[in-house]
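Heads up: the structure comes next, in structure tokens.
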Amino acid sequence: MLDIKKTLTQSPKQKPDQSNLGFGKYFSDHMVTVDYSDDKGWHNAQLVPYGPLCLDPAAMVFHYGQELFEGMKAYPAADGRVLLFRPEKNAERMIRSCERMCMASLPVEDFIQCVETLVKADRDWIPTAPGTSLYLRPFVIATDAMLGVHASHTYKAVFIASPTGSYYPNGFAPIRIFVEDEYTRASRGGTGYAKCGGNYGGSLKAQEKAQELGYNQVLWLDSVEQKYVEEVGAMNMMFKIDGEIITAPLDGTILPGVTRDSCLQLLRDWGCKVSERKLSVDELISAAHSGKLEEAFGCGTAAVISPVGEICYKGEKHIINNFEIGEISQKLYDNLTGIQWGRLPDPHGWTREVK
Ligand SMILES: *Cc1c(COP(=O)(O)O)cnc(C)c1O
């Protein structure tokens, strides 16, 4: 247990209009910070008013990118409870990310304590309109003021919160994705499985290119052969081909999503045929040609499920399921959001009430 010292804000901010929250634009009144040094371990845990961090310009995070983050939500249930969804999964993933980046990691129970302390302090920042939630962004940065390339000996963990609207301004609707065959995201032996900032900085170029061409997201191929389908910007991908639901295996180059894991569990509960296996882009495109590509969707915390209505590869466009939301996409969306917002029974004990 951390001893979290609390200093509440003297000037609470005005809350944003709940009908126009968007994603990641507004921040709540408080944040939690915890410091690490090799001699003291994690210490100086504080809940303080949200505000700028003061860092030495030589802090290692600015130079060598020793940084990582998490993304999760606090959901307002209709009965007034506040629910987290599998927060231990985020805590465990952050430990694995830290390990890959040679950074000190917060124990699972300390991570959850920080999240819950922030959610409780900013409970009145949890929006209540349908589909809204309080997005939580834990992150860790290297703070040694030192220009040699090595692992830092000091770190700061920070937890911030952002009231967030339904991901879809126009409702739950299909997106268009662009298969990227020039740039790559993560290579074998690289940091693809860690939620570290560098993975995203390096992907912006491809994201901009896709957007200029009118696509919402980039679909990444493996970086060795550019042959196998991996994931999109911040979502894992699933494809239903001839009755089989296929998603890329956790081979180290993709992010092991909590939503991915939850979808796989639900699909198996329902008796669907699911495979965690390599899917080549050739197999995908020939399935699209022969009409066997029944559905495609992304899954991640922000959007939950993102049905894909069009896919573009080497200049050729393929419409999936008449650009309509597929049956499996809809069922997963209804069930996951039902569990997360406390409307449906939670057979796997995935939600945790913040009391
Ligand atoms: C965060 C993220 C995901 C989704 O993970 P969830 O835990 O389901 O939110 C998938 N891919 C990438 C690259 C991500 O950054």
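The first residue of the sequence shown is numbered 1, and numbering continues consecutively from there. Whatever order the structure lists them in is the order used to number ligands and atoms, beginning at 1. Only this structure's heavy atoms are used, side chains among them; waters, hydrogens and symmetry mates stay out.
Taking any N or O of Leu255, backbone or side chain, none lies under 3.5 Å from an N or O belonging to ligand 1. In terms of N/O distances under 3.5 Å, ligand 1 is not approached by Asn236.
Given atom 8 (O) of ligand 1, the protein heavy atom at minimum distance is Thr259 OG1, 2.6 Å. Given atom 15 (O) of ligand 1, the protein heavy atom at minimum distance is Tyr200 OH, 2.4 Å.
Lys89 does not count as a contact of ligand 1, since none of its heavy atoms falls under 4.0 Å from the ligand. A heavy-atom separation below 4.0 Å is found between Arg93 and ligand 1. Residue Ala234 places a heavy atom less than 4.0 Å from ligand 1. Residue-ligand proximity: Pro256 is placed with every non-hydrogen atom at 4.0 Å or more from ligand 1.
For Glu231, every heavy-atom contact with ligand 1 shorter than 4.0 Å involves the side chain, none the backbone. Under 4.0 Å from ligand 1, not a single heavy atom of Glu230 appears. Residue Lys195 touches ligand 1 through its side chain alone, judged by heavy-atom distances below 4.0 Å.
Here the CD-OG distance, from Glu208 to Ser203, works out to 10.5 Å after rounding to the nearest 0.5 Å. Within the model, atoms CH2 of Trp42 and CG of Asp110 stand 9.5 Å from one another, a figure rounded to the nearest 0.5 Å.
Residues Val158 and Phe139 are in side-chain contact: their nearest non-hydrogen atoms beyond the backbone lie under 4.5 Å apart. Proximity of Ser187 to Val224: side-chain heavy atoms (C-beta onward) are nowhere separated by under 4.5 Å.
Between the side chains of Tyr36 and Asp38, at least one donor N or O sits under 3.5 Å from an acceptor N or O. Gln66 and Ser152 form no side-chain donor-acceptor contact under 3.5 Å, judged by distance and modelled atom types alone.
When each atom of ligand 1 is checked for a heavy atom of Gly257 under 4.0 Å away, the hits are 5 (O), 6 (P), 7 (O), 8 (O). Close approach to Thr301 involves these atoms of ligand 1, each under 4.0 Å from a residue heavy atom: 6 (P), 7 (O), 8 (O), 9 (O). Within ligand 1, counting atoms from 1 as listed, the ones closer than 4.0 Å to a heavy atom of Gly233 are 12 (C), 13 (C).
Ring pair Trp341/Tyr75 is perpendicular by interplanar angle, where above 60° counts as perpendicular and below 30° as parallel.
Ion pairing between Lys278 and Asp251 holds under the 4.0 Å rule for side-chain N and carboxylate O.
Of the listed residues (Arg277, Lys227, Lys292), just one forms a salt bridge (charged side-chain N to carboxylate O under 4.0 Å, His left out) with Glu283, and that residue is Arg277.
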